[in-house]
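Okay, so here's the structure we're looking at.
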Amino acid sequence: MSVVTRFAPSPTGVLHIGGARTALFNWLFARRNNGQFILRIEDTDTNRSTDEAVKAIVSGLEWLNIDWDGNVVSQSSRCERHIEVANTLLSADHAYRCYCSPEELRLMREEARLAGRPIIYDGRWRDRPSSDAPSNVSPTIRLKAPRTGKTVIRDEVQGEVCIDNSELDDMVLLRSNGTPTYMLAAVVDDHDMNISHIIRGDDHLNNAARQIQIYSALGWPVPIYAHIPLIHGVDGARLSKRHGADSVESFRHSGYLPEAVNNYLLRLGWAHGDDEIISIQQAINWFDLGSVGRSPARFDISRLMSMNAHYMRIADDERLYEEVLPLLTKNIDHTPPDSVKTLMPQLKERSKTLVELIENMSFLLSKRPLDIDEDAQKFLSSDSLSMLERLHSKLDSIPTWSPTSVESALREFAVTEELKLGSIAQPLRAAVTGRKISPGIFEVLAALGKTETLERLSDVATTATKNGN
RNA sequence: GACCCCAUCGUCUAGUGGCCUAGGACAUCAGCCUUUCACGCUGAAAACACGGGUUCGAGUCCCGUUGGGGUCGCCA
């Protein structure tokens, strides 16, 4: 059997991480099995669907490098076919017209709730003759679902789940305005598109039972289901798509790398022994539904963060530069100096996100004189300042400026001053970066260049004089 | 409320009846390395929700309890 999976989001909001993981699993499973992966937008609810949401979903998926086969399918474009199938069901006596008003249904539910019965439609129009139909009401079309027996869902991750048919009601297939509901549309599309495996959040588990009833009414083969547990927030509560902070877009803007997000999402609910860092290629080779866990996972930002730090470290310098450039040019009015590139290996190792990377390179971008932050200021005592003045002339005498020449100069200087290297490095770092932490001091000086280094050193001295130190 | 699902360190998880005095990772703490920070390395603390069975033997199987989650729309 050829594998065809699909990601079928409703375009009512941003792509959140739960959806992204569902997409990832579907994509991985399809790629693993040399199958197809389809992106289908479930927009049968025209009131809530927006083009912006479609764009957000598409761009989120693209950013994650999750690609789909063929064009994006809009479910609403297949409306005719859905109606056709509903009519087939109607003429086969597997569906019927229901003339209940919304108010009547509300009352029905209310009564059921009070009586402690399942809150479902009681099927009152199921066997009524069409002569009873009120002439001024346009009916909905409901499925004539089996009333007895059980519907069993054979699920790749949940196992066998049995639902008593008495718990399920005659669901609406076509609304009174003639449009198809999700329940019908999803079944028809999954069938017509030859979807072999339906991998989705387990909030759809109950829907699976209902959809199986539609399949059997139609005599269609039921696809293989895999309902994966939802991702919860840190507090254990369900992640809401209303929360923008959980969106793929927000992680992108917070400076996370797509491969880190993918790796993190993959490990949420799926494991391959003790492996933690898993490349996308390994994931394709290894992914299986049997290793998907059944219990919901909580979203843990520090794990994502540490994975991101890992992918930052192994990322190509040039690529990181490209990623960071647009953000850099937004904040400064000059082109970034070459030092940004030359120092990238040291900078990226100290940055957990792209945002941190930018922060960590800020001292390279600032114009003189530098702002010295509070922590750095502590290293600039009057003793240190005079030491720095002597260091200025020492550094000035270096003929060829490089990490190694700077290092040997500093080490020599330490010997003549009878100081430990650290006692020189820290004030020096404070003076040339304005911070107490930075990449290695030799590399920093080398990247800054001789002129800039000496000028920054002089700045500190003059500022101190001005302040009367 | 009814129905369904779930339950191992704080978090993500390994574990498919003996290999478990429960392993890994993140986070935490201590130390080493060291020009700072980070990386790296070493170590520490940290869990089978509870109660009953089944079995020679249970984290692993069964039942119950508790706790969490999901679903009950002319939304998807």
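Lettering follows sequence order; numbering is per chain, from 1.
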Identify all pairs in which a protein N or O lies below 3.5 Å from an N or O of nucleotides 59-65 of chain B, and state each distance.
none

Protein-nucleic acid N or O pairs under 3.5 Å, nucleotides 68-70 of chain B:
from	atom 1	to	atom 2	distance (Å)
B/G69	O2'	A/His232	NE2	3.4

Under 3.5 Å donor-acceptor pairs involving side-chain atoms of residues 96-106 of chain A, not counting sequence neighbours:
from	atom 1	to	atom 2	distance (Å)
A/Tyr96	OH	A/Asp170	OD2	2.6
A/Ser101	OG	A/Glu104	N	3.1
A/Glu103	OE1	A/Arg106	NE	3.2
A/Glu103	OE2	A/Arg106	NH2	3.1
A/Glu104	OE1	A/Ser101	N	3.3
A/Glu104	OE2	A/Arg124	NH1	2.9

Legend entry - All ring pair (Phe, Tyr, Trp, His ring centres under 6.0 Å) counterparts of A/Phe7, not counting sequence neighbours: none
Inset, instruction - Check if the side chain of A/Arg303 and the base of B/A25 share a donor-acceptor pair of N or O atoms closer than 3.5 Å. - result: yes
Legend entry - side chain to side chain donor-acceptor pair (under 3.5 Å) contacts touching residues 411-423 of chain A (sequence neighbours left out): A/Arg390-A/Glu417, A/Lys394-A/Glu412, A/Glu407-A/Arg411
Legend entry - Inter-nucleotide P distance (B/U16, B/A27), Å rounded: 28 Å
Legend entry - A/Asn47 CG - B/A76 P separation (whole Å): 10 Å
Legend entry - Identified ring-ring contact (aromatic ring centres under 6.0 Å, His included) partner of A/Tyr264 from the options A/Tyr256, A/Phe299, A/Tyr311: A/Phe299
Which donor-acceptor pairs under 3.5 Å do side chains of residues 352-360 of chain A form with protein atoms, sequence neighbours excluded?
from	atom 1	to	atom 2	distance (Å)
A/Thr353	OG1	A/Val355	N	3.4
A/Thr353	OG1	A/Glu356	N	3.1
A/Glu356	OE1	A/Lys352	N	3.0
A/Asn360	ND2	A/Arg350	O	3.2
A/Asn360	ND2	A/Ser351	OG	3.0
A/Asn360	ND2	A/Glu356	O	3.4

Inset, instruction - Would you mind listing every salt bridge (charged side-chain N to carboxylate O under 4.0 Å, His left out) that reaches into residues 287-309 of chain A, with sequence neighbours excluded? - result: A/Glu276-A/Arg303
Listing time: all N or O pairs from protein to nucleotides 36-38 of chain B that are below 3.5 Å?
from	atom 1	to	atom 2	distance (Å)
B/U36	O4'	A/Gln426	OE1	2.8
B/U36	O2'	A/Lys436	O	3.3
B/U36	N1	A/Arg429	NH2	3.2
B/U36	O2	A/Ser438	N	3.0
B/U36	O2	A/Ser438	O	3.1
B/U36	N3	A/Arg429	NH1	3.2
B/U36	N3	A/Ser438	O	2.6
B/U36	O4	A/Gly440	N	3.1
B/C37	O2	A/Arg350	NH1	2.6
B/C37	N3	A/Arg350	NH1	2.4
B/A38	O2'	A/Glu349	O	2.8
B/A38	N3	A/Glu349	OE2	3.2

Legend entry - With sequence neighbours excluded, residues passing side-chain contact (heavy atoms from CB on, under 4.5 Å) with A/Val73: A/Ile38, A/Arg40, A/Arg78, A/Met193
Inset, instruction - Determine the interatomic distance between C1' on B/C26 and the same-named atom on B/A47; round to the nearest Å. - result: 16 Å
Legend entry - Contact summary for A/Val340 and A/Leu347, nearest pair of heavy atoms: O-CD2, 4.3 Å
Legend entry - Interface residues of residues 150-165 of chain A with RNA chain B (non-hydrogen, below 4.0 angstrom): A/Gln158, A/Val161, A/Cys162
Inset, instruction - Go ahead and name the base partner of B/U36; Watson-Crick or wobble counts if both distances stay under 3.5 Å, otherwise write none. - result: none
Inset, instruction - Would you please confirm or rule out a distance under 4.0 Å between OP1 or OP2 of B/A76 and any side-chain N or O of A/Thr44? - result: yes
Inset, instruction - Look at A/Arg113 and B/A2 and indicate whether a side-chain polar atom (N or O) is within less than 4.0 Å of OP1 or OP2. - result: no
Legend entry - Nucleotide B/C5, atom C1' - distance to NE2 of A/His227 in whole Å: 11 Å
Inset, instruction - Under the side-chain contact (heavy atoms from CB on, under 4.5 Å) rule, collect the residues that match up with A/His392, sequence neighbours excluded. - result: A/Leu454, A/Leu457, A/Ser458
Legend entry - Distance-only donor-acceptor test (3.5 Å): side chain A/Asn207, base B/A76: yes
Inset, instruction - Scan for side chain to side chain donor-acceptor pair (under 3.5 Å) pairs involving residues 427-446 of chain A, sequence neighbours excluded, and state none if there are none. - result: A/Gln426-A/Arg429, A/Arg429-A/Ser438
Legend entry - B/C3 versus B/C9 - spacing of their P atoms, nearest Å: 29 Å
Legend entry - Watson-Crick or G-U wobble partner of B/A46, both distances under 3.5 Å: none
